[in-house]
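In what follows, residues are counted from 1 in the order of the sequence shown.
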Amino acid sequence: MLGGTLLFGTRFGRLALTGVALVTAATALTPPAVAHGPGRHPSGGGLSAVIRYTEHGIPHILAKDYANLGFGTGWAQAADQVCVLADGFLTVRGERSRHFGPDAAPDGSLSSARTNLSSDLYFRGTRDSRTVEKLLATPAPAGPGREVKELMRGWAAGYNAWLKQNRITDPACRNADWVGPVTTLDVARRGFAVSVLGGQGRGIDGITAAQPPGTAPVTPPDADTTAKAARELFGAENADMGSNAVAFSGKVTANGRGLLLGNPHYPWHGGRRFWQSQQTIPGELNVSGASLLGTPVVNIGFNDKVAWSHTVATGVTLNLHQLTLDPHDPTVYQVDGRRERMRERTVTVPVKDGAPLTRTQYWTRYGPVVTSLGASLPLPWSRSTAYALNDPNAGNLRASDTALAFGKARSTDDMLEGLRGTQGLPWVNTIAADSTGHSLFTQSQVLPRITDDLAQRCSTPLGRVTYPASGVAVLDGSRSDCGLGRDPDAVQPGVFGPSRMPVLKDAAYAENSNDSAWLSNADTPLTGYERVFGTVGTPRSLRTRGAIEDVAAMADRGRLTVGDLQRQQFANRVPAADLAVADTVRACKELSAGDLAEACGVLERWDGSMGTSSRGALLFDRFWRALTASMPAAQLWKVPFSATDPVATPHTLNTGSPAFAAALRGAVAELRAAGIALDAPLGEHQFVVRDGKRHPVHGGTEALGVWNKIEAVWDGAGGGYGEVAHGSSHVQAVGWDGGRCPAARTVLTYSQSSNPASPHYRDQTALFSDGEWVTSRFCERDIMRSPELEVVRVRERR
């Protein structure tokens with residue numbers, strides 16, 4: 001390994017490896033002679049760690065304390081992902097326009113900003129106002145704890161040390177002038193950006209574009225149109241992140257211990273990729289799993305006692321306050337009849353090949369004035385009305401504290417206690433299992449404290465439509481009694497406390513696929529939560545319906561093992577086909593003419609899966625996407641949804657609609673125009689290319705309801721789906737067999753590195769393509785037995 005001390009590699013014998021490893025670990029983990037305060041290096045000699053690499057470049061990071069563990073993590077992440085990380089640091093510093101120009105688009109991983117200028121205006125404004133510094137200075141539990149601060153400090157030092165001691169080979173940033181050292185504050189800013197992704201991060205364009213109105217009249221937003229746009233904006237079917245996860249309790253497993261299958265759906269490219277590692281401080285922490293890039297903790301993972309995963313939750317992490325403006329000055333609003341002036345935040349952004357650009361943002365007691373939430377949801381600022389965005393996660397820098405608490409947990413009860421103590425998860429549910437047979441689902445997230453009673457009392461006419469439809473509350477900002485208040489068990493004002501969160505303990509199965517908490521277990525529905533958390537008694541997505549059918553059948557069968565989890569992950573069953581393919585074939589034959597005769601037979605013979613060898617999958621996929629895009633959901637099925645039978649309804653495809661025949665004929669014509677046989681194997685036309693080699697990709701889109709979700713990019717002229725935008729990412733199947741080591745299988749679908757020059761650019765992608773897994777090496781003996789073991793000591797050099 002460049003820049004580190006190679007202690008030993010695979011060329012040594014097994015006995016020698018073990019002996020050297022023990023000596024190395026003892027040397028590396030010698031405790032400092034004296035205590036060290038914040039900002040000082042332990043032992044006065046700089047930070048260091050021992051990294052043991054096993055198959056597929058997975059690092060097992062060994063350190064004596066949190067700062068040194070952060071150092072090893074920052075080093076190892078930089079080695080695999082330096083260009084992606086550096087790009088993200090440019091974002092949170094507000095320096096994209098300086099290097100790439102103001103009109104280019106960011107990759108979308110850290111905000112919804114459509115241009116570099118919009119992104120920079122927001123993040124430089126956050127930087128100028130010292131938002132993150134204030135959060136860092138907030139004492140725990142409202143602010144981050146000492147251990148997390150040490151991890152962040154160490155991470156920055158490790159990243160910088162790697163840069164100093166190594167040559168960048170990734171063509172994405174080789175010789176680039178925008179790659180440079182970072183600070184602890186940069187690491188914290190990146191964490192802040194992730195926390196506000198669902199709130200301020202969603203409204204950046206509307207925040208940075210908001211300007212006081214002129215004298216021309218402004219049309220107010222239409223309530224029904226806005227409600228529809230809000231429902232679509234916050235709908236899981238339109239998100240670039242999602243997930244499935246299921247925990248089984250010991251009641252239905254072969255050995256009475258818990259099982260956990262995590263299947264997060266995240267982008268395959270850019271700054272929201274996962275990265276695998278194991279983090280160990282002997283006697284203090286030992287956890288394995290996946291981290292979001294730039295994060296110094298394991299976000300999804302397992303230890304020897306518990307395993308957990310997250311799914312993107314339905315809780316709406318923002319709300320709006322409708323402001324009543326002074327008729328003479330639209331930058332003044334009224335609260336209880338008193339005038340309050342908006343705070344102006346003037347931001348200057350350096351621009352490549354041009355003069356700096358200066359813009360002003362307008363902030364209120366509730367948050368920034370916002371004039372849109374995406375292009376489809378305008379919130380115009382008129383002479384009488386403006387809208388302010390409240391995002392409680394703008395006061396939350398605790399997500400890493402929650403992750404660290406999970407890593408230390410010894411049971412699902414410990415995980416609940418960690419959630420109560422840290423309250424740091426911004427936009428996810430938690431699904432977990434433990435080695436003694438307990439299961440857990442909880443929607444414990446930082447949400448604005450919008451009770452249904454508050455919404456009833458304080459919604460504006462717009463809010464009375466948007467809140468029931470989407471969970472987006474629009475409150476009367478002219479009344480102080482419409483403030484969000486505080487729960488006694490909440491660590492920050494204006495959010496729900498832990499006692500208000502939906503929780504399901506020790507159910508035979510606890511499952512979530514990005515619908516609300518209601519049907520986490522279909523036999524014991526969760527109810528009683530506020531609308532802002534999600535809905536009750538409403539239609540579920542096809543992915544949720546298919547998942548519940550699958551996991552309920554598994555629980556009924558019982559005697560479950562890790563192998564059953566693995567089979568579920570790659571079964572690639574298509575719930576849409578189970579509901580609709582027979583009706584489609586019958587209607588196809590009735591319509592059959594020269595252009596459809598072959599298609600009817602292909603669909604009739606299709607095995608109903610999205611496996612790479614499946615013939616007919618591509619035809620049904622293209623047909624189903626076209627049909628669901630052109631036909632309103634309410635018209636798609638003849639038998640409507642019933643809250644008393646939510647998994648089986650709606651059903652019976654409406655094949656009599658003209659949209660049905662048009663979609664079927666369109667799919668046939670599309671494939672033929674692209675030169676693709678109607679019965680072509682899916683893997684020949686759904687693939688990714690890495691190092692010039694095609695890797696077939698199994699799995700299917702959200703509309704099909706496939707557990708193994710894959711959202712691929714269609715290019716008929718290029719042969720079909722030639723790249724994956726987002727979908728299955730860090731997949732883990734975890735159980736326990738009574739020994740000291742968890743029985744875990746993982747696969748990182750897009751591999752560990754974005755660098756085409758890395759040997760770990762496509763190795764796990766090839767595994768995923770073949771439906772294979774990595775056997776986790778958690779215990780020391782398993783790490784040391786790796787045939788590809790490479791041990792490196794990394795340290796700061798002064």
Side-chain angles (χ1 to χ4, degrees), residues 91 96-97 100-123 125 193 196-214 216-242 267 270 272 312 316-322 349 357 359-362 367-382 385-391 427 462-463 465-467 469-474 625 628-630 632-633 702-703 711 713-714 725-726:
T91 297
R96 300 193 64 82
S97 299
F100 306 132
D103 299 324
D107 72 0
S109 60
L110 294 176
S111 81
S112 65
R114 289 181 294 175
T115 67
N116 286 336
L117 179 60
S118 177
S119 174
D120 289 343
L121 287 168
Y122 172 77
F123 284 109
V196 300
L197 273 171
Q200 289 182 9
R202 194 188 290 271
I204 281 180
D205 290 330
I207 293 168
T208 59
Q211 295 297 307
V218 175
T219 303
D222 176 75
D224 291 335
T225 301
T226 302
K228 180 177 183 293
R231 187 168 56 246
E232 292 175 352
L233 182 67
F234 289 90
E237 67 275 10
N238 297 316
D240 66 350
M241 294 192 302
R272 253 184 279 158
V312 176
V316 178
T317 56
L318 61 82
N319 71 278
L320 298 169
H321 294 265
Q322 187 169 322
V349 173
L357 297 175
R359 300 286 188 272
T360 300
Q361 300 163 30
Y362 295 83
V369 175
V370 61
T371 53
S372 68
L373 289 176
S376 64
L377 208 164
L379 298 163
W381 186 350
S382 71
T385 302
Y387 299 89
L389 187 154
N390 171 53
D391 177 3
W427 32 262
L462 180 62
V465 179
T466 61
Y467 184 68
S470 66
V472 177
V474 184
R625 289 177 192 249
T628 53
S630 62
E702 176 76 24
E711 295 295 345
V713 180
W714 178 256
H726 61 98

Student: Tell me whether E702 contacts the main-chain N or O of E711 through its side chain, where contact means a donor paired with an acceptor under 3.5 Å.
Tutor: no
Student: Run the ring-ring contact (aromatic ring centres under 6.0 Å, His included) test against F234 and tell me which residues pass, sequence neighbours left out.
Tutor: none
Student: What pairs with D120 under side-chain hydrogen bond (donor to acceptor under 3.5 Å, both in side chains), at least two apart in sequence or on another chain?
Tutor: S97
Student: Which residue pairs pass the salt bridge (Lys or Arg N to Asp or Glu O under 4.0 Å) test with at least one member in residues 216-230, sequence neighbours excluded?
Tutor: K228-E232
Student: Which pairs of donor and acceptor atoms, one on a side chain in residues 100-110, lie under 3.5 Å apart (sequence neighbours left out)?
Tutor:
unit_1, atom_1, unit_2, atom_2, d
D107, OD1, S109, N, 2.8
D107, OD1, S109, OG, 2.7
D107, OD2, S109, OG, 3.4
D107, OD2, G271, N, 3.3
S109, OG, G271, N, 3.4

Student: Using side-chain hydrogen bond (donor to acceptor under 3.5 Å, both in side chains) as the criterion, list what pairs up with S470, not counting sequence neighbours.
Tutor: none
Student: Not counting sequence neighbours, which residues clear side chain to side chain contact (heavy atoms under 4.5 Å, CB included) with A113? List them please.
Tutor: S111, S118, S119, I204, D205
Student: Restricting to side chain to side chain contact (heavy atoms under 4.5 Å, CB included), what partner residues turn up for S112, sequence neighbours left out?
Tutor: none
Student: Partners of V218 by side chain to side chain contact (heavy atoms under 4.5 Å, CB included), sequence neighbours excluded?
Tutor: P380, S382
Student: For R625, look at atom CZ and say whether over 12 heavy atoms of other residues, nucleotides or ligands are found less than 6.0 Å away.
Tutor: yes
Student: Quick one: does Q361's side chain have a donor or acceptor within less than 3.5 Å of a partner on L121's backbone?
Tutor: yes
Student: Not counting sequence neighbours, which residues clear ring-ring contact (aromatic ring centres under 6.0 Å, His included) with W381? List them please.
Tutor: Y362
Student: Not counting sequence neighbours, list each pair that qualifies as a salt bridge (Lys or Arg N to Asp or Glu O under 4.0 Å) and has a residue in residues 367-378.
Tutor: none
Student: Roughly how far apart are T317 OG1 and N390 CG, rounded to 0.5 Å?
Tutor: 10.0 Å
Student: Quick one: list whatever passes side-chain hydrogen bond (donor to acceptor under 3.5 Å, both in side chains) with Q322, sequence neighbours left out.
Tutor: T460
Student: Go through the structure and list residues passing side-chain hydrogen bond (donor to acceptor under 3.5 Å, both in side chains) with R231, not counting sequence neighbours.
Tutor: none
